[in-house]
Amino acid sequence: AATSGVAAMLAGLNLIRWDTALHTRTGTVLLWLWATVMLAALGAALSIEDLANATLGLYLAVIVFVAVIGRTRPLMWVTFVAIASYLLIPVIQGHDRTVGSLAVPAVAFGAVALITRVVTIALANSLTRVALQEDELARKEVSFERLYEVSRTIAAGDSLENVLPELVGRIGTYLDSEVGVVLLRDD
């Protein structure tokens, strides 16, 4: 009964659209809940001798998932709980563990969490810079298109009387103005 409850909860939590849910306070709570249920399920799997070896990769997958989509605080909590459960469950079950067999997974969990979070933040910053550059290029493109249209208007005209009203109209449109005035100096 408990296993089917955990499986049902995991199935429900895995259907969440994380890209939209994480922008809300509820999404962060759901992330914590998902990670807790996943780590509990992995802890249960770790206590089954035939599944124990397969759990290391799954623990790392949970850490990577939270590092990529979550914030730093949930990642720290998930990493701590993953280290504690991965190391303590076998000890509680009476398995002899050496310091090396305890330290290597702990360091691996911490390193994976740190590296994944740093890379995720760097990638997010790069994507933000690219988006800003794209916006700037789009603004420049519009400016060049407008300059080209003004140049074409000047080149198409045969006299100042014909070109000037068209130029004032175009420039007024570009500047979102309703009225435009050109004052000519009579030298």
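Positions are given from 1 along the sequence.
Residues Val112 and Ile63 approach most closely at CG1-CG2, 4.3 Å, considering heavy atoms. Taking each heavy atom of Thr55 and Ala45 in turn, the nearest pair found is CG2-CB, 3.8 Å. Contact between Leu22 and Gly27 at its shortest, heavy atoms only, is CD2-O, 3.6 Å. Heavy-atom minimum distance, Ser85 versus Leu46: O-CD2, 3.6 Å. Here the closest heavy-atom approach between residue Gly110 and residue Ile83 is recorded as N-CD1, 4.4 Å. Taking every heavy atom of both residues into account, Arg117 and Val68 meet most closely at NH1-O, 4.5 Å.
With contacts defined as side-chain heavy-atom distances shorter than 4.5 Å, the pair Leu60/Tyr86 does not qualify. The closest side-chain heavy-atom distance from Val150 to Tyr174 is below 4.5 Å. Proximity of Leu87 to Pro105: side-chain heavy atoms (C-beta onward) are separated by under 4.5 Å at one or more points. Counting heavy atoms from C-beta on, the side chains of Val66 and Trp34 come closer than 4.5 Å. Contact of the Leu39 side chain with the Val78 side chain is registered, since non-hydrogen atoms from C-beta on lie closer than 4.5 Å.
Of the residues listed (Ile121, Leu123, Leu127), the one engaging Asn125 in a side chain to side chain contact (heavy atoms under 4.5 Å, CB included) is Ile121, and it is the only one.
One hydrophobic cluster, built from ILVMFWY side chains closer than 4.5 Å, holds both Val37 and Leu75. Val62 and Leu33 fall within the same hydrophobic cluster, where Ile, Leu, Val, Met, Phe, Trp and Tyr residues are linked whenever their side-chain heavy atoms come under 4.5 Å apart, directly or through other members. At a threshold of 4.5 Å between side-chain heavy atoms, the hydrophobic network of Ile, Leu, Val, Met, Phe, Trp and Tyr places Val64 and Phe80 in one connected group. Under the 4.5 Å side-chain heavy-atom criterion for Ile, Leu, Val, Met, Phe, Trp and Tyr, Ile154 and Ile171 are members of the same hydrophobic cluster. Clustering ILVMFWY residues whenever any of their side-chain heavy atoms sit less than 4.5 angstrom apart, transitively, puts Leu175 in the very cluster that holds Leu167.
Here the straight-line distance linking atom OG1 of Thr26 with atom CD1 of Ile16 works out to 10.0 Å at 0.5 Å rounding. Rounded to the nearest 0.5 angstrom, Arg139 CZ and Glu134 CD are separated by 11.0 Å. Between Glu166 atom CD and Arg152 atom CZ the span is 10.0 Å, to the nearest 0.5 Å.
Here the side chain of Thr116 pairs no donor or acceptor atom with the backbone of Ala113 at under 3.5 angstrom.
Shown here is Glu136, whose CD atom has more than 12 heavy atoms of other residues, nucleotides or ligands within 6.0 Å.
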Derivation and outcome, side-chain contact (heavy atoms from CB on, under 4.5 Å), residues Thr36 and Val81: CA-CA 8 Å; Thr36 302; Val81 171; over 6 Å; no
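Between Tyr59 and Phe109, the angle of the ring planes stays under 30°, which puts this pair in the parallel group of the 30/60° scheme.
No hydrogens or angles considered: nothing links the side chains of Arg71 and Thr28 as a donor-acceptor pair under 3.5 Å. Using a 3.5 Å distance cut-off with no hydrogens or angles, the side chains of Arg129 and Ser126 do pair a donor with an acceptor.
Salt bridge status for Glu149 with Arg146: absent, with no side-chain N to carboxylate O gap under 4.0 Å.
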